[in-house]
Trainee: 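Mind looking over this structure? Questions follow.
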Amino acid sequence: MALRRREFVQTAVAGAALGAAGTVTAQEEPDYGGWFDDVSNYDGTVDKRGQDTVEIAVGAQGNNGAFAFAPPAVMVSPGTEVVWTWTGEGGGHNVVSDGDGPLDSGELVSEQGATYSYTFESEGMFKYVCEPHVGLGMKGAVVVRPGGGSSGGGTAQQGPPANPDYGGWFDDVSNYDGETLDRTGQDSVEIAVGAQGNNGAFAFDPPAVRVSPGTEVVFTWTGEGGGHNVVSDGDGPLDSGDPVAEAGTTYSYTFEETGIYKYVCEPHLSLGMKGAVVVGGPPGGGGGGGGGGTQRLPVSGPRWLLTGSVLFAFFTPLLYAAAMRHRESTRPPQDLVGEDGTVPVEEATAADPAVELGHEEFDPTGTAALVAFYFVLIALLWVFMYFVEFLGRVSVIG
């Protein structure tokens, strides 16, 4: 049973806006003088130099609704045509320069697919706004600068930092361990709905995950904990509809824009059933489809390696004890050893009685060595199990 997903047009327009984007390096990042301080979807300047035409979405998700330009800051080469395309979301928008700039799209437009274009010939910084929603943070900038950019999707767009600040969002979420699971580089990522957590089957698993732009996130119901749904906190794009309890139900959404997307299960929000999807790799690189937000050491050894280690630890003391006993049993009695350390050899006659051997004497040195060896081996085994269990996240017990 597949639930409804967000309209295709918004994803398509936002995807076109972000398509072949690179990220301006720290040395080239313009100084906007606080222009983007109140713009929620700003995370750096997208470098599209070298392209003849660049598209910007008008009415993209941001600033607590469809009140954003995407990307909000873009760098282009002189002579580039910039095309603003309306998503049809967020009501009427326009594109007007801040101050005496050249941009003016005219009256407010709310129609999906409407466009306005301008070709930037001279170098400089061109700031602009949507007049009705400038107070909400609907602002943008086009930086015109010569130089080599990405002309077809070189560097992947970067996103939130390596350790995102969720602002206390997960304070009451019992299955959140402080890490954001790294699933960047994957085409599709699955999140369980109704996983164990928050004193019942009232959790998303994983609660926090990082993906690359363009990744489809599939929410899959476990059938536990009653009816659940997936709804964005605030004005985000997620909305799976009414609560569903049937196991195997799925709801999917493809995240195109970088940012942090928080969501909840409405019936169980008070219990801590919350999650977050972080879209985009951290600035400066990082993330590659591996383990969690903090990279864990991979464990490539199969299960038989762990089983063999346990069996080795169990049987080694027994083998050691058997070897010690064999050595003692083959050692000649002390009363037969001469002063020079040798044992005189005499031919035994048939009449000589057999020598009866009693119990061996207690060997404190050998026993102490055996006990010490055993404890050292056990300590090494537990250290090995700790590193496998903690760093590799592989269960040794089951």
Side-chain angles (χ1 to χ4, degrees), residues 9-25 28-32 35-36 39 41-63 66-90 93-98 101-106 109 111-130 137-159 212-214 255-259 279-280 283:
V9 60
Q10 182 175 349
T11 301
V13 174
L18 295 172
T23 303
V24 176
T25 63
E28 296 178 325
E29 181 69 19
D31 181 8
Y32 296 106
W35 179 248
F36 289 110
V39 179
N41 67 323
Y42 169 74
D43 58 8
T45 303
V46 178
D47 189 353
K48 293 191 176 182
R49 288 175 292 178
Q51 300 185 26
D52 296 332
T53 303
V54 171
E55 190 171 16
I56 297 176
V58 181
Q61 287 298 317
N63 307 306
F67 307 120
F69 298 102
V74 63
M75 183 177 292
V76 301
S77 303
T80 300
E81 180 188 30
V82 177
V83 180
W84 285 266
T85 303
W86 271 247
T87 66
E89 302 289 334
H93 305 295
N94 63 358
V95 177
V96 177
S97 286
D98 177 61
L103 302 177
D104 188 354
S105 66
V109 177
E111 181 183 358
Q112 172 194 328
T115 61
Y116 164 70
S117 64
Y118 182 85
T119 301
F120 292 87
E121 300 291 351
S122 58
E123 298 180 31
M125 180 184 296
F126 301 85
K127 300 176 181 178
Y128 61 92
V129 302
C130 169
M138 192 168 179
K139 300 185 290 185
V142 176
V143 177
V144 183
R145 183 184 296 177
S150 57
S151 58
T155 306
Q157 189 181 20
Q158 299 181 12
S212 301
F255 291 88
E256 299 289 352
E257 299 183 46
T258 60
V279 183

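Quick caveat: nothing in here was measured; it's all calculated off a predicted structure.
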Trainee: How about V54 and V74: do any of their side-chain heavy atoms sit closer than 4.5 Å?
Mentor: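 V54 vs V74: side chains touch.
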
Trainee: Within the side chain of T80, is there an N or O that forms a donor-acceptor pair under 3.5 Å with the backbone of Q51?
Mentor: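 Yes; at least one donor-acceptor contact below 3.5 Å.
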
Trainee: State, without any angle test, whether T119 and E81 hold a side-chain donor-acceptor pair at a distance under 3.5 Å.
Mentor: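 No, no side-chain donor-acceptor pair sits under 3.5 Å.
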
Trainee: Before you tell me yes or no, could you show the steps for V142 and V76 under side-chain contact (heavy atoms from CB on, under 4.5 Å), namely the whole-Å CA-CA distance, both residues' side-chain angles and the distance that decides it to 0.1 Å?
Mentor: CA-CA 7 Å; V142 176; V76 301; 3.9 Å; yes

Trainee: Does F67 reach the side chain of H93, with side-chain heavy atoms less than 4.5 Å apart?
Mentor: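 Result yes, sub-4.5 Å side-chain heavy-atom pair found.
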
Trainee: On a heavy-atom basis, which atom in L103 and which in Y116 lie closest, and how many Å separate them?
Mentor: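 L103 and Y116 have their closest heavy atoms at CA-OH, 3.5 Å.
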
Trainee: Would you indicate whether the side-chain heavy atoms of V58 and M138 approach each other to under 4.5 Å?
Mentor: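 Yes. Closest side-chain heavy atoms under 4.5 Å.
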
Trainee: Quick check: closest heavy atoms across G59 and T87, and the distance to 0.1 Å?
Mentor: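 The pair with the smallest heavy-atom distance is O-OG1, 2.9 Å.
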
Trainee: Is the closest side-chain heavy-atom distance between E123 and P78 below 4.5 Å?
Mentor: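 They are in side-chain contact.
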
Trainee: Determine yes or no for a side-chain-to-main-chain donor-acceptor pair under 3.5 angstrom, with S77 supplying the side chain and R49 the backbone.
Mentor: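 No.
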
Trainee: How about F120 and Y118: are their ring centres within less than 6.0 Å of each other?
Mentor: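 Yes, close enough.
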
Trainee: Is there a donor-acceptor contact under 3.5 Å from the side chain of N63 to the main chain of G137?
Mentor: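 Side chain of N63 to backbone of G137: a pair is present.
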
Trainee: Between the side chain of K127 and the main-chain N/O of W35, is any donor-acceptor distance below 3.5 Å?
Mentor: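 Such a contact is absent between K127 side chain and W35 backbone.
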
Trainee: Are the side chains of E257 and P213 in touch, meaning some heavy atoms are under 4.5 Å apart?
Mentor: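 No, side chains not in contact.
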
Trainee: Hydrogens and angles aside, do Y32 and T45 bring a side-chain donor and acceptor to less than 3.5 Å of each other?
Mentor: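 Checked: Y32/T45 side chains pair up, N/O donor to acceptor below 3.5 Å.
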
Trainee: Which heavy atom of G79 sits nearest a heavy atom of E121, and at what distance?
Mentor: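 Heavy atoms only, the tightest pair is CA-OE1, 3.7 Å.
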
Trainee: Does W86 use its side chain to pair, donor to acceptor, with the backbone of V109 at less than 3.5 Å?
Mentor: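 Side chain of W86 to backbone of V109, a donor-acceptor pair under 3.5 Å: yes, one is there.
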
Trainee: Looking at V83, T53, V82, which hits side chain to side chain contact (heavy atoms under 4.5 Å, CB included) with S117?
Mentor: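 With S117 as partner, V83, T53, V82 yield a single side chain to side chain contact (heavy atoms under 4.5 Å, CB included), made by V83.
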
Trainee: Show the nearest heavy-atom pair for residues F69 and I56, with the distance to one decimal.
Mentor: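 Looking at all heavy atoms of both residues, the shortest contact is CB-CG2, 4.0 Å.
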
Trainee: Is the centre of the Y128 ring less than 6.0 Å from the centre of the W84 ring?
Mentor: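 Yes - the distance between ring centres of Y128 and W84 falls below the 6.0 Å cut-off.
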
Trainee: Could you tell me whether a side-chain N or O of N94 sits under 3.5 Å from a main-chain N or O of V96, the two making a donor and an acceptor?
Mentor: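 The answer is no, because no donor-acceptor pair under 3.5 Å joins these two groups.
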
Trainee: Could you pull out the closest heavy-atom pair between G62 and A68, with the gap in Å?
Mentor: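 Minimum heavy-atom contact is CA-CB, 3.8 Å.
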
Trainee: D43 and T258: side-chain donor and acceptor closer than 3.5 Å?
Mentor: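 T258 and D43 do have a side-chain donor-acceptor pair below 3.5 Å.
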
Trainee: Look at the rings of Y42 and F36 and say which category their plane angle falls in: under 30° parallel, 30 to 60° tilted, over 60° perpendicular.
Mentor: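 Parallel, since the angle between the ring planes stays under 30°.
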
Trainee: Could you measure the distance from the CG atom of D98 to the CZ atom of F126? Nearest 0.5 Å is fine.
Mentor: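 That separation rounds to 13.0 Å.
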
